[in-house]
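Quick notes on the structure that follows.
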Amino acid sequence: MGVTDSSKKQAKTGNYNPVELEKEVADRWKSDKTFENSIENRRSSKPFTFLEGPPTANGKPGIHHVLSRLFKDMVCRWKTMEGHLVERKGGWDTHGLPVEIEVQKQLNLMSNEEIEAYGMEAFNQKCKESVWTYEEAWREMSERMAFWVDMDNPYVTLHDEYIESAWWSLKQMHDKDLLFRGHKVLPYCPQTGTSYSTHEVSLGYKEVAEPAVYVKFKLKDSEGSIVAWTTTPWTLPGNVGLAVGPDVTYCRVKVTSKPSESWEGRGGAEVGEELILAKDLMPEVLRHHAEVIEEFQGSKLVGQAYEPLFPGAIDKGDSDTAWTVVAADFVTTTDGTGIVHTAVMYGEDDYQLGMEVGFPAQHTVGMDGKFIKGTHEILDGNYVKDCDSKIIDLLDGENKLYREHIYTHDYPHCWRTDHPLLYYAMDSWFVRMTAVKDKIIDYNSQVEWAPEWTGTGRVGEWLRNIKDWAISRERYWGTPLPVWICESCGHQHCIGSIDEMNSLKTEDSPTPKELHRPYVDDVKLCCTAEGCSGEMVREPYVMDCWFDSGCASFAQWHYPFENKEKFENSFPVDYICEAVDQTRGWFYSLLAVSTTVFDNISYRRCLSLGHILDNEGKKMSKSRGNVVNPWDHFNKEGTDAIRWYMTSQSAPWNPMNFDPNGVRETYAKMFLTLWNVHKFHLDYAILDNFDYSKDFIPVDKRNALDRWILSRVSSVAKNYHDQYVSWEFHKAARELENFVINDLSNWYVRRSRRRLWDEAESHDKRACQFTLHEVLLTVSKLMAPIAPFMPDKIHFDLTGTSVHTADWPLGSDLVDKNLPPQDLGLEKEMSIVRMLAETGRKIRVEAKRRQRLPCKEGWIVGGPDLREFHSIIAEELNVENLTTESNLDRFQKIEVLPNHKVLGAKCRADLPKVLSELSQLDPDSLLSDIEKGTAKLAGFEITSEDINIKRVEKEGYAASTFEVEETGDISLVLDVEITDDLVSKGLAREITRRIQSKRKELDLDLEASISLKVWLEKDSPKLNEDDWQYIISETRSKPSELIIGNPEKDLDNFQVENNKIYFKVN
RNA sequence: GGGCCCGUAGCUUAGCCUGGUUGGAGCACCCGGCUGAUAACCGGGAGGCCAUCGGUUCAAAUCCGAUCGGGCCCA
């Protein structure tokens, strides 16, 4: 197979147009079913399983989605090339609060009451529609960025099959006694009847000034009162305990006189009254002169009983601790009194503490935000926030108020109704994650995390503080909680399948249309408790949507109801990849579900990506106006450039500052360069009818330049692969980019151009073509996972097959390795050759000698035998005669430099002294002393280990020295004499260059010939006949004429030194 | 308030784990060179209190502690 028919049609390969090229390739993928084939080809091979973290299509896909889809796609393509079967099922996340909020905004439904008035059925129907709003946009984006995934058979979390699997898994947890009902304290808005997520809470913070109170709690068994502080007086009727820090120092003080300053608001204390509070806070709190009569640790207060503020508001029940002092580690002395009033149902800390110490857990406030009947006759039935003043009055009247003041702070408000949110203990269902803590920590340690610290740090830290997982939500749109409770006996039953539900259904219950509210709400079950004939009613909750996605590994297959084998063969999955914000989201929920249901991990490797920020490191947001639209780049630099840019720009786990200019740079450097290399090869390959399958030239029969680039591509490929394995895709991409630009284009192709210009068939030309063919194929295979389009175009042009069905050149346990031979010695030599070429240019700049003016002689001093490359170096340096000179002293002297590492270890604090002595010494005598073993500096014996010898050229030569590891110093010396012959040659090159540039300006074909006239001024340097012939052949001039004298009219002209030269090209 | 990550030139970054010669690249900028070599290439220049402060050390971008700024998650 040589060059394919499709590319033969055009004699010349076109310029790079990324949008057109990528469309052409994508069309071919479609018509050839390349994606499907890339999977089917590996059908019988070892699977590598990938699990797609499902996005929600109710928002437009943005640049950050391109990033995560890139890293998913890249690994899947790579593993496919390594020979694995890599199936990729798409998925959609369709439930949850964000969907409801979106629809509520759309329909202007601001509360649960309004939703219910609108109708739950209709509302959920709207939610269901809303999740597909941007499906088309997602498809288009995925296709354009070449994210290969099966979007035609995705898993969808709202499908009955998916929900049934989720139900099944919850039943497993239930059967293991991991499911229980409790309370969760959440910010709650009684006006809308909804509890809020952190995100919604953060929408509504407002600064408010409201009354805060210092309340006196009278001790039962001793004199005095404990003073506690609260900013929420409405929680005081619910008070059941006081918390103190066991190690905090408290004081009992006696009021000695009336307050000296003006008193703010209600409350007070009598002279002689005793108060207890933290020592540190006395100046803040007390407004009376008082004497300290006792000082003690908080632990001494623990267990003391006090009189309830609102007797009868809460039933003591069987609690031993109600209205006593308890210890808590969250108590601080930063504000308040160092004693925390605890109302179990209205604070997270309060609730936790209450559960620990056994306070009664009862509400004094209803879901409507009003005090429950029986709390207090004045308060009952009133909205709590309207009662602040009444409560303060009541306390004041009973001498239970020390003082009140106005307190200004940020407090969360409902973003819809503007009312303050109440922290409120809601009924909630939990998964007992605390019971499997050790297991889940162990499983987490079995996952290969990239970066490692995500697993050990971020996730690990979370798991060490694991809490029970609140899985129920008082919402409408979601997977219904499959728990039914008997109205007569209170028995609970968790349903694990549709069949089970139907078999337990009461006769007059309808069969639900689908597994959503309100349909399942109408299903009543016959009580499953022995001897009970009651009806069971479903708990009216839906499940946390993280629970949905946590089930993805099995629910995507409708396991265990279908696809048993498919699931078992793909679990745990080999690879997942999402952004770092999923740590406590999907990464956790997958692990939590697999731990509790399967006693296993659910993924073997997890790549956690950094976030994408704007080019100033700021978060992208609509309000900042710094959001990057991926299509701006798809339509300009193309998918390859954007994918390559994202990969190479920073480590995948680091936050990425997205710089649109960087995409342009990647396009211009990497892809334009690679395209031109391909174009260069392909144009000549077509012209010469090059056929890779015919008359193969073995690598050892090719010249050094060919063997060098082949060795380089092998070396680069090995590093590239190693970096893939260690997840350092950015380093891999940078190294390959450097190879393409510097080694392949700027050196190999540049040095090989003339070999291909040769019109006659030659061994050397064909060797070059074989080499380019092989290098381009290897490069395109390496690049393909990151940039799927251009490499595929190149591969297809050269072989007629897609790169995505090719084998990974590094091989694997499934496919063979296929790399050209390495020759590290040759690579080393070539790197020296290139350094010599660069050094030569540096010397010329310093010596102010134009590059086009040849030098008669050049000498290489030191280094390995490079005779094989002398012609290349001579040409690069524009030197007529290049030789190796072994007499270093002719050009060089020696310098001695300290080896800081060795000397530092030896001399320690005396190092500065040693260094200063060293700088004073004559290098030659020091060296001879070292040889004799008598060298000393500042009293330290100096050996050859302690120093580095450097050779530098003597002054007066046009020369420069560089250092090469292991080889030592290498110098280049140029003869800068100027002769007539050299001037003539230089002149010829100047003229040639101008004419070539004119040809290009006229857009002449490479093969076209021109007629040429050149005028040299009378006093111009002489141009030798040989050099004139050189101009003629280089510029394909026929006829041609050289005239001494000035032309009649103004023509193209340029200046060399002081002489003007005119020329005319037709 | 807690946990994790990040901070190096105008911009994007390497180096940090394992301390040691003058902190290396690319983009942009300036000067020069080269080119049938592409939005290319080469040489030189300018541009760095390596976020800040303190500690360890003969020696700190690198190790330790604190602070500041940014990001994410949790409260």
Side-chain angles (χ1 to χ4, degrees), chain A residues 15-16 198 201 330 332 334 348-349 451 453-454 456-462 464-465 467 579-585 588 608 610-613 615-619 645 648-651 653-659 661-662 664-669 671-677 679-680 730-731 734 737-738 741-742 745-747 749-750 753 757 834 837-846 848-852 876 878 897-915 948 950 963 989 992-993 995-1001 1003-1006 1034-1036:
Chain A
N15 286 331
Y16 178 40
T198 331
V201 171
F330 59 76
T332 64
T334 49
E348 168 89 53
D349 285 339
W453 46 258
T454 297
T456 52
R458 230 179 149 91
V459 178
E461 194 57 38
W462 169 252
R464 277 188 286 282
N465 299 311
K467 299 208 172 104
V580 58
D581 56 87
Q582 296 299 325
T583 312
R584 268 88 152 176
Y588 173 66
S608 159
H611 277 113
I612 201 160
L613 308 170
N615 58 357
E616 286 171 21
K618 294 271 161 57
K619 199 176 165 174
Y645 167 72
S648 60
Q649 205 272 132
S650 65
W653 43 81
N654 277 345
M656 176 188 300
N657 296 357
F658 188 92
D659 185 2
N661 207 33
R664 199 210 69 88
E665 193 183 323
T666 301
Y667 157 79
K669 300 202 69 154
F671 288 94
L672 209 47
T673 305
L674 179 62
W675 182 251
N676 283 304
V677 170
K679 175 172 137 89
F680 172 73
H730 57 307
K731 290 186 182 170
R734 286 171 192 170
E737 180 169 337
N738 183 54
I741 295 169
N742 284 321
S745 176
N746 291 346
W747 191 250
V749 171
R750 183 160 71 83
R753 267 176 194 280
W757 290 349
R834 295 180 68 180
E838 283 170 23
T839 303
R841 288 186 211 111
K842 192 201 265 182
I843 294 170
R844 280 176 175 275
V845 168
E846 280 163 11
K848 295 193 162 54
R849 190 179 178 101
R850 299 193 329 273
Q851 179 71 22
R852 290 194 200 95
E876 286 287 322
N878 199 10
L897 298 172
N899 184 335
H900 283 80
K901 194 166 189 167
V902 177
L903 271 179
K906 185 193 261 183
C907 312
R908 326 258 323 154
D910 293 321
L911 185 63
K913 227 192 283 174
V914 174
L915 292 182
N948 293 320
K950 191 173 173 64
E963 198 188 322
R989 284 189 61 169
T992 305
R993 143 99 181 102
I995 296 163
Q996 299 289 41
S997 148
K998 187 74 191 174
R999 283 183 62 120
K1000 201 171 166 186
E1001 204 179 292
D1003 202 19
L1004 294 181
D1005 233 33
L1006 281 174
E1034 281 292 300
T1035 59
R1036 293 176 174 266

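Numbers restart at 1 for each chain; the letters A, B, ... are given by sequence-line order, proteins then strands. Keep in mind that this is a model prediction, so the values were computed, not measured.
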Listed nucleotide nearest any side-chain atom of [X], set [options]:
X: A:Asn746; options: B:C27, B:A14, B:C41; value: B:C41
X: A:Thr673; options: B:C34, B:U38, B:G26; value: B:U38
X: A:Glu665; options: B:A75, B:C27, B:U13; value: B:C27
X: A:Asn654; options: B:C6, B:U38, B:C34; value: B:C6
X: A:Arg852; options: B:U13, B:U35, B:C42; value: B:U35

Fill in the blank from the handout: Here RNA chain B, pairs taken as Watson-Crick or G-U under 3.5 Å and shown with ( ), [ ] when crossing and | when to another strand, reads (((((((..((((......[...)))).(((((.......))))).....(((((..]....)))))))))))).

Rounded to the nearest Å, what distance is computed from the [atom1] atom of residue [X] to the [atom2] atom of nucleotide [N]?
X: A:Trp462; N: B:C5; atom1: CH2; atom2: C1'; answer: 18 Å
X: A:Phe671; N: B:A40; atom1: CZ; atom2: P; answer: 17 Å
X: A:Ile741; N: B:C41; atom1: CD1; atom2: C1'; answer: 11 Å
X: A:His730; N: B:G15; atom1: NE2; atom2: C1'; answer: 12 Å
X: A:Glu348; N: B:G2; atom1: CD; atom2: C1'; answer: 13 Å
X: A:Phe658; N: B:C11; atom1: CZ; atom2: C1'; answer: 14 Å

Handout entry: Any A:Lys669 side-chain N or O less than 4.0 Å from OP1/OP2 of B:C27
Key =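 Result: yes.
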
Exercise for the section: Ignoring backbone atoms, establish whether A:Arg834 has a side-chain N or O less than 4.0 Å from OP1 or OP2 of B:C42. Expected result: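 Answer is no, no contact under 4.0 Å.
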
Exercise for the section: State whether a side-chain donor-acceptor pair under 3.5 Å links A:Arg834 with A:Asn742. Expected result: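 No, no side-chain donor-acceptor contact under 3.5 Å.
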
Handout entry: 5'-most by nearest nucleotide on RNA chain B - A:Leu903 or A:Gln649
Key =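 Closest to the 5' end, via its nearest nucleotide, is A:Gln649.
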
Practice task
For A:Tyr645 and for A:Arg664, find the nucleotide of RNA chain B with the closest heavy atom, then tell me which residue's nucleotide is more 5'.
Solution key: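 Looking at RNA chain B, the more 5' nearest nucleotide goes with A:Tyr645.
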
Exercise for the section: For the pair A:Tyr645 and A:Phe658, name the ring-plane relationship: parallel under 30°, tilted 30 to 60°, perpendicular over 60°. Expected result: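 A:Tyr645 and A:Phe658: perpendicular rings.
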
Take atom [atom1] in [N] and the same atom in [M], then report the distance between them in whole Å.
N: B:C50; M: B:G54; atom1: P; value: 13 Å
N: B:G2; M: B:G65; atom1: P; value: 16 Å
N: B:C27; M: B:G44; atom1: P; value: 14 Å
N: B:G71; M: B:U18; atom1: P; value: 31 Å
N: B:C74; M: B:A60; atom1: P; value: 42 Å
N: B:A66; M: B:G1; atom1: P; value: 16 Å
N: B:G26; M: B:C68; atom1: C1'; value: 30 Å
N: B:A61; M: B:A14; atom1: C1'; value: 12 Å

Practice task
Please confirm whether any donor atom in the side chain of A:Ser745 sits under 3.5 Å from an acceptor in the base of B:U38, or the reverse.
Solution key: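 Side chain to base: pair present.
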
Practice task
Could you tell me whether A:Tyr667 contacts a base, only the sugar-phosphate backbone, or nothing, with contacts defined as non-hydrogen atoms closer than 4.0 Å?
Solution key: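 Base, at least one base heavy atom under 4.0 Å.
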
Exercise for the section: Say whether, by atom type as modelled, one donor and one acceptor occur between the side chain of A:Arg734 and the main chain of A:Gln649 under 3.5 angstrom. Expected result: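 Side chain of A:Arg734 to backbone of A:Gln649, a donor-acceptor pair under 3.5 Å: yes, one is there.
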
